[in-house]
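Data block below; observations after.
Source: prediction; values computed, not measured. Counting starts at 1 for both ligands and their atoms, in listed order.
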Amino acid sequence: MAAQEEFFTGIPKIPYVPSAGAGDVMCFKHYHAEEVLMGKTMEDWLRFSVCYWHSFCGTGADPFGSPTLHRPWNEGTPMEAAKLRLRAAFEFFTKLGVKYYTFHDRDMAPEGSTLEESNRNLDEITDLALELQSQTGIKVLWVTCNLFAHPRYMNGAATNPDCHVLAYAGAQVKKGLDVAKKLGAENFVFWGGREGFLSIYNTDVAAELKHMANFFKMAVQYKEKIGLKCQFLIEPKPKEPCKHQYDYDAMSVIGFLKHYGLESHFKLNIEPNHTTLAGHSYEHDVVMASAFGMLGSVDSNTGSPDLGWDTDQFPMDIRNTTLVMKTIVEQGGLQPGGLNFDAKVRRESTDLEDLFIAHIGAMDAFARGLRHAIRIIEDGLITGMVKERYSSFSHGIGQKVEEGSATLEEMEAFITQKGEPKVTSGKQEKYESIFNHYI
Ligand code: XUL
Ligand code: CO
């Protein structure tokens with residue numbers, strides 16, 4: 001196949017057609033990249049990114065069946081296919097109008113039989129990535145190292161009981177950080193799929209957590225040494241592939257980072273399908289991470305709450321996207337993070353155009369979420385009601401609690417004087433009705 005060949009023939013650059021009918025799914029009806037809302041373009045609020053592994057390496061294989069997605073870029077030797085895949089990906093990003101992409105080291109270039117060979121493969125493919133980036137202006141939202149697929153990592157990478165394996169992971173991350181610098185990645189993600197345990201009987205949890213923290217400290221040190229400017233992110237997930245993963249959810253990761261003094265070097269990459277696997281509602285970890293000033297990026301996908309595993313579906317639910325965008329707008333945006341579609345088309349969605357339809361639908365779902373969130377925020381009704389609900393903390397004894405200067409003796413004196421508090425309605429249904437008005 002010639003290098004300049006088109007992979008998505010017959011598909012033009014996706015236009016914005018707000019008047020398009022319900023059946024026209026190959027255009028944006030809500031996402032208008034350059035439209036300015038609350039002082040920022042939609043493109044800057046949303047910072048969409050396409051992920052490489054699902055969209056360009058995914059085959060549709062599952063534990064019960066063979067590949068169903070036969071892609072025209074999977075031809076030739078692994079290195080030839082890696083180059084075709086990269087060209088196909090850049091054609092896709094350009095036609096879709098997305099400025100960012102994300103990848104694991106091993107989905108961009110095949111793993112060799114030694115670290116040196118893997119690194120050479122990565123050098124060769126990232127040379128081409130750099131060329132395509134400068135031709136198109138498309139950038140890397142984040143890079144990550146795959147520290148979970150190779151058999152050597154079956155008992156963990158940074159938490160492996162054998163330091164020889166931890167060292168391999170360290171060497172791999174060193175190269176990953178070099179690649180991040182070479183390609184100007186804006187973030188670097190750590191997702192600890194094998195950092196956890198399957199049996200507590202054979203596991204020294206305290207040792208493993210300390211090793212993981214020290215591993216992160218080595219990464220911070222090397223990042224500073226090479227002058228890499230990107231934001232480090234940890235992606236929580238409670239389970240799968242491990243029975244229990246240490247980065248269980250946003251609060252576990254925040255607690256871990258603070259315990260080991262790493263909180264100023266990391267933020268969180270929240271994936272809502274992981275949040276729901278942890279037993280929380282869709283928006284929970286986005287809200288919690290943001291409350292601590294640690295929401296760095298979002299792996300925008302969804303699960304099926306009626307299933308117990310990570311289905312990585314494209315996010316299409318407007319209520320969910322509205323709640324996520326409300327948090328993002330309230331914190332002033334996600335930069336240098338973004339909304340990365342860590343999502344895969346279904347095994348049964350076998351047409352090449354399904355890749356476009358999925359991304360367009362999800363981008364429109366987030367664009368609608370953004371428009372709704374901005375109406376909610378600009379109207380100020382819900383914000384005003386919440387503010388009023390906490391108004392007792394703006395003066396008197398409440399203000400002292402707010403500032404952290406109150407004592408239990410003062411609480412007692414206050415109650416002795418004021419007696420029993422009045423019950424106040426939480427008005428949940430009123431809030432829900434008002435929220436529904438905007439979507
Ligand atoms: C796994 C997952 C990963 C990370 C990057 O559930 O979400 O793809 O986003 O390793
Ligand atoms: Co993810």
Legend entry - Within-cut-off N or O pair, Glu271 and ligand 1, under 3.5 Å: yes
Legend entry - Minimum-distance N/O/S atom that Asp342 presents toward the Co ion (ligand 2): OD2
Legend entry - Inter-residue atom distance Leu381.CG - Tyr438.OH, 0.5 Å rounding: 5.0 Å
Inset, instruction - Give the name of the N/O/S atom in Asp299 that lies closest to the Co ion (ligand 2). - result: OD2
Inset, instruction - May I ask you to test the Lys83-Glu124 pair for a side-chain heavy-atom distance under 4.5 Å? - result: yes
Inset, instruction - Check the side chains of Gln313 and Thr311 for a donor-acceptor pair under 3.5 angstrom, ignoring hydrogens and angles. - result: yes
Inset, instruction - Would you mind checking which non-hydrogen protein atom is closest to atom 10 (O) of ligand 1, with the distance to 0.1 Å? - result: His104 NE2, 2.7 Å
Inset, instruction - Go through ligand 1 atom by atom and flag the ones less than 4.0 Å from a non-hydrogen atom of Asp299. - result: 9 (O)
Legend entry - Side chain to side chain, Thr159 and His211, heavy atoms closer than 4.5 Å: no
Legend entry - Straight-line distance of Met108 CE to Ile125 CD1, nearest 0.5 Å: 8.0 Å
Legend entry - Tyr101/Phe90 aromatic ring centres below 6.0 Å: yes
Inset, instruction - Looking at Glu235, pick out the N, O or S atom nearest to the Co ion (ligand 2) and give its name. - result: OE2
Legend entry - Atom name, Glu271 (N, O or S, nearest to the Co ion (ligand 2)): OE1
Inset, instruction - Ignoring angles and geometry beyond distance, decide whether Lys237 reaches within less than 3.5 Å of ligand 1 through its nitrogen or oxygen atoms. - result: yes
Inset, instruction - Could you tell me the residue and atom name of the protein heavy atom closest to atom 9 (O) of ligand 1, and the distance to it rounded to 0.1 Å? - result: Glu235 OE1, 2.7 Å
Inset, instruction - Kindly indicate, with the supporting measurements, whether the criterion ring-ring contact (aromatic ring centres under 6.0 Å, His included) is fulfilled by Tyr260 and Phe256. - result: CA-CA 6 Å; Tyr260 289 101; Phe256 166 84; 5.1 Å; yes
Inset, instruction - Would you check the N or O atoms of Asp310, main chain and side chain alike, for any that come under 3.5 Å of an N or O of ligand 1? - result: yes
Legend entry - Nitrogen or oxygen of His274 less than 3.5 angstrom from that of ligand 1: yes
Legend entry - Lys/Arg cation over aromatic Phe232: Lys223, 6.0 Å, 45° cone: yes
